[in-house]
Amino acid sequence: MEDKKYLELKLDGKIVKYEILYTLKFENNDKTYLVYTDNTYDKDNDLNVYAGEYDKNADIVLKDIEDDEIFDTILDIVDSVEETRDQNA
């Protein structure tokens with residue numbers, strides 16, 4: 001079993017710890033994206049999941065994803081992986 005990986009971000013002066021669910025590297029734009037969660041749930045009892053562009057060498061390590069096509073692709077990948085995981089459980 002893999003060890004869980006975490007990301008710590010400073011939000012409103014507080015350090016918040018997120019669990020990294022997936023790291024995705026896109027060859028078409030040579031960028032890396034993180035899919036992560038704070039392990040909280042929304043009103044429908046779905047896990048709150050976030051995604052951002054990751055650059056460990058930048059001042060801002062995690063940036064918003066501004067490209068809708070990239071964001072939709074990430075959602076599709078996550079949905080597909082989760083669906084496969086559910087089928088194999």
Side-chain angles (χ1 to χ4, degrees):
M1 183 171 190
E2 283 185 48
D3 291 332
K4 293 181 180 181
K5 295 185 180 177
Y6 295 92
L7 171 70
E8 291 184 346
L9 298 175
K10 190 172 187 176
L11 299 173
D12 299 325
K14 295 182 180 181
I15 300 294
V16 180
K17 189 175 185 178
Y18 294 93
E19 180 182 346
I20 299 172
L21 301 174
Y22 306 104
T23 302
L24 307 170
K25 173 90 174 181
F26 282 40
E27 293 180 7
N28 64 334
N29 66 4
D30 200 37
K31 293 184 180 180
T32 300
Y33 301 91
L34 295 182
V35 179
Y36 56 99
T37 181
D38 57 4
N39 287 310
T40 62
Y41 293 84
D42 65 15
K43 62 182 171 75
D44 296 322
N45 207 32
D46 291 324
L47 183 66
N48 290 314
V49 176
Y50 312 96
E53 180 185 334
Y54 177 72
D55 184 352
K56 66 181 177 185
N57 299 316
D59 290 335
I60 300 173
V61 174
L62 204 58
K63 301 178 199 172
D64 290 337
I65 300 171
E66 297 178 2
D67 184 322
D68 290 339
E69 186 175 332
I70 294 288
F71 190 78
D72 289 343
T73 300
I74 290 170
L75 289 177
D76 290 343
I77 291 169
V78 170
D79 287 345
S80 176
V81 169
E82 291 299 318
E83 192 174 296
T84 300
R85 181 179 288 164
D86 290 345
Q87 290 173 353
N88 292 329

* For Asn28, look at atom CG and say whether over 12 heavy atoms of other residues, nucleotides or ligands are found less than 6.0 Å away. => yes
* Look up atom CG in Leu21 and atom NZ in Lys5, then write down how far apart they are to the nearest 0.5 Å. => 12.5 Å
* Decide whether Val78 and Leu34 are clustered together by the hydrophobic rule: side chain heavy atoms of Ile, Leu, Val, Met, Phe, Trp, Tyr closer than 4.5 Å, transitively. => no
* ILVMFWY network linking Leu62 to Val49, side-chain heavy atoms under 4.5 angstrom -> no
* Asked: How would you list, by chain and number, every residue that makes a side-chain hydrogen bond (donor to acceptor under 3.5 Å, both in side chains) with Glu19, sequence neighbours excluded?
  -> Asn39
* Hey, what do you get for CD1 (Ile74) to CD1 (Ile65), rounding to the nearest 0.5 Å? -> 3.5 Å
* Return the set of residues passing side-chain hydrogen bond (donor to acceptor under 3.5 Å, both in side chains) with Asp30 (not counting sequence neighbours), or none when no residue passes. => Lys25
* Got a sec, which hydrophobics cluster with Tyr6, joining ILVMFWY side chains under 4.5 Å apart, including via others? -> none
* By side-chain hydrogen bond (donor to acceptor under 3.5 Å, both in side chains) - contacts of Asp72 (at least two apart) -> none
* To do: Please identify each residue that fulfils side-chain hydrogen bond (donor to acceptor under 3.5 Å, both in side chains) with Asp55, with sequence neighbours left out.
  => none
* According to the salt bridge (charged side-chain N to carboxylate O under 4.0 Å, His left out) rule, which pairs have a member within residues 75-85, sequence neighbours left out? -> Glu82-Arg85
* Asked: Under the ring-ring contact (aromatic ring centres under 6.0 Å, His included) rule, what pairs show up with a residue in residues 44-69, not counting sequence neighbours?
  -> Tyr36-Tyr50
Atom pairs and distances, donor-acceptor, side-chain atoms in residues 40-48, under 3.5 Å, two or more places apart:
unit_1: Thr40; atom_1: OG1; unit_2: Asp38; atom_2: OD1; d: 2.6
unit_1: Thr40; atom_1: OG1; unit_2: Asp38; atom_2: OD2; d: 3.3
unit_1: Thr40; atom_1: OG1; unit_2: Asn48; atom_2: ND2; d: 2.8
unit_1: Asp42; atom_1: OD1; unit_2: Asp44; atom_2: N; d: 2.9
unit_1: Asp42; atom_1: OD1; unit_2: Asn45; atom_2: N; d: 3.1
unit_1: Asp42; atom_1: OD1; unit_2: Asp46; atom_2: N; d: 2.8
unit_1: Asn48; atom_1: ND2; unit_2: Thr40; atom_2: O; d: 3.4

* **With Lys17 via salt bridge (charged side-chain N to carboxylate O under 4.0 Å, His left out) - residues at least two apart** => none
* Asked: Who pairs with Phe26 by ring pair (Phe, Tyr, Trp, His ring centres under 6.0 Å), at least two apart in sequence or on another chain?
  -> Tyr33
* Does one hydrophobic cluster hold both Tyr18 and Ile20, with members joined at side-chain heavy-atom distances below 4.5 Å? -> yes
* side-chain contact (heavy atoms from CB on, under 4.5 Å) against Asp67, all qualifying residues, sequence neighbours excluded -> Glu69, Ile70
